[in-house]
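What's counted below: heavy atoms across the whole structure, side chains too, no hydrogens, waters or symmetry copies.
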Amino acid sequence: MATESNGDLTLQVLNIDKQAGITVDNNEFYQAVSEVIKANPQMGAPNDFSLYPYSILENNEGEPAVLCFVINRLEKPIQQIIFDLTLGTKDGEYIFNDVAVDLPKEYIGILERDSVVPILLNIEEKDVDLFYELDDENVLLKMENFTIDFVEK
């Protein structure tokens, strides 16, 4: 019988960062993300793919970006994910409205089962306040038109 419980999440470094020599141990950003994951090791829907918008940070150019956790709770590792993202309020205010998100293997690497990678999605300054208004009661998060390439073992 299949179980609905999640194993503890494992933080993975993005492939693009690995290639630059970044590890969890030598990078403050990944160390901070690691602490969040350790505090919430059961994040993500059982037997599913999840995107968890967590916080607002500044990207390398000093612009605002949403820190999202990409979580694989599926049976197989993932090597590419493409989907259209809508994030906003149920009242129709949007940070992202049907925005294409493309996470190729060259960028994310291979996302193992019960693993998470952090990504930054750039937003406009005017949408920062809206992000902080989102809560369990008013949030609208949709991911549609999925294409997932699995690693066949």
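Under the 3.5 Å distance criterion, the side-chain polar atoms of Asn26 are matched with a main-chain donor or acceptor of Gly21. Looking only at distances, no side-chain donor or acceptor of Gln80 sits under 3.5 Å from a matching main-chain atom of Asp149. The main-chain N or O of Asp98 is found under 3.5 Å from a side-chain atom of Thr86 such that the two form a donor-acceptor pair. Checking side-chain atoms of Asn138 against main-chain N and O of Asp135 turns up a donor-acceptor pair under 3.5 Å. No donor-acceptor pair closer than 3.5 Å links the side chain of Gln12 to the backbone N or O of Pro118. A distance-only check finds no donor-acceptor pair linking the side chain of Gln79 to the backbone of Pro104 [under 3.5 Å].
Counting heavy atoms from C-beta on, the side chains of Met43 and Leu9 come closer than 4.5 Å. Within the 4.5 Å cutoff, no side-chain heavy atoms of Tyr107 are placed close to those of Asp102. When side chains are defined from C-beta on, Asn72 does not count as touching Glu112, because their heavy atoms never get closer than 4.5 Å. Considering only heavy atoms from C-beta on, Val139 comes within 4.5 Å of Leu87 through its side chain. Side-chain contact check for Phe29 versus Ile22: every heavy-atom pair is 4.5 Å or farther apart. For the pair Leu74/Asn47, no side-chain contact is recorded, criterion being any heavy-atom separation below 4.5 Å from C-beta on. A heavy-atom distance below 4.5 Å is not found between the side chains of Thr147 and Ile81. Leu121 places a side-chain heavy atom less than 4.5 Å from the side chain of Ile119.
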For this session: Apply side-chain contact (heavy atoms from CB on, under 4.5 Å) to the pair Thr89 and Glu133, showing each step before the final yes or no.
Result: CA-CA 9 Å; Thr89 68; Glu133 292 172 15; 5.6 Å; no

Problem set entry | Stepwise side-chain contact (heavy atoms from CB on, under 4.5 Å) test for Phe69 and Val33 | CA-CA 9 Å; Phe69 298 135; Val33 170; 3.7 Å; yes

Exercise. Are Tyr94 and Leu130 close enough, and set up right, to give a side-chain contact (heavy atoms from CB on, under 4.5 Å), and what steps lead you there?
Worked result: CA-CA 8 Å; Tyr94 299 111; Leu130 178 58; 5.8 Å; no

Exercise. Do Phe131 and Val66 pass the side-chain contact (heavy atoms from CB on, under 4.5 Å) test, and can you show the C-alpha distance, the side-chain angles, and the key distance before you say yes or no?
Worked result: CA-CA 8 Å; Phe131 179 86; Val66 178; 3.7 Å; yes

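Leu11 and Ile110 fall into different hydrophobic clusters, where Ile, Leu, Val, Met, Phe, Trp and Tyr are joined by side-chain heavy atoms under 4.5 Å apart, directly or via other members. Hydrophobic clustering keeps Val151 apart from Ile82 (ILVMFWY residues linked when any side-chain heavy atoms are closer than 4.5 Å, directly or through intermediates). The same ILVMFWY cluster, assembled from side-chain heavy atoms under 4.5 Å apart, contains both Leu141 and Val117. Val70 and Ile148 end up in the same hydrophobic cluster when Ile, Leu, Val, Met, Phe, Trp and Tyr side chains are linked at under 4.5 Å. Criterion: ILVMFWY side-chain heavy atoms under 4.5 Å apart, direct or through other members. Under it, Tyr132 and Tyr54 are part of a common hydrophobic cluster.
Nearest heavy atom pair, residue Val116 against residue Ile71, reads CG2-CG1, 3.8 Å. Closest of all the heavy-atom pairs between Gly88 and Leu134 is O-CD2, 3.3 Å. What you find for Ile56 and Pro64 is that their closest heavy atoms are CG2-CB, 4.3 Å. Of all heavy-atom pairs spanning Cys68 and Pro53, the tightest one is SG-CA, 3.9 Å. Leu85 and Met143 get closest at one heavy-atom pair: CD1-CG, 4.1 Å. When every heavy atom of Ser50 is checked against every heavy atom of Ala45, the shortest pair comes out as OG-N, 3.0 Å.
Asp25 and Tyr30 share no side-chain donor-acceptor pair at under 3.5 Å. For the residue pair Asn122 and Asn59, a side-chain donor N or O sits within less than 3.5 Å of a side-chain acceptor on the partner. Under the 3.5 Å distance criterion, with hydrogens and angles disregarded, no donor-acceptor pair is assigned to the side chains of Glu106 and Asn15.
For the atom pair Ser115 OG and Ile78 CD1, the distance stands at 10.0 Å (nearest 0.5 Å). Rounding to the nearest 0.5 Å places CG of Leu57 at 5.0 Å from CG of Leu67.
Looking at residues two or more places apart in sequence or on another chain, you find a ring pair (Phe, Tyr, Trp, His ring centres under 6.0 Å) between Phe146 and Phe49, Phe83. Qualifying side chain to side chain donor-acceptor pair (under 3.5 Å) partners for Ser34, counting only residues two or more places apart in sequence or in other chains: none.
No more than 12 heavy atoms of other residues, nucleotides or ligands lie within 6.0 Å of CD in Glu28, so this atom counts as exposed by the packing criterion.
Within the structure, every pair that satisfies the salt bridge (charged side-chain N to carboxylate O under 4.0 Å, His left out) test and touches residues 69-90, not counting sequence neighbours, is listed here: Arg73-Asp114, Glu75-Arg113, Lys76-Glu152.
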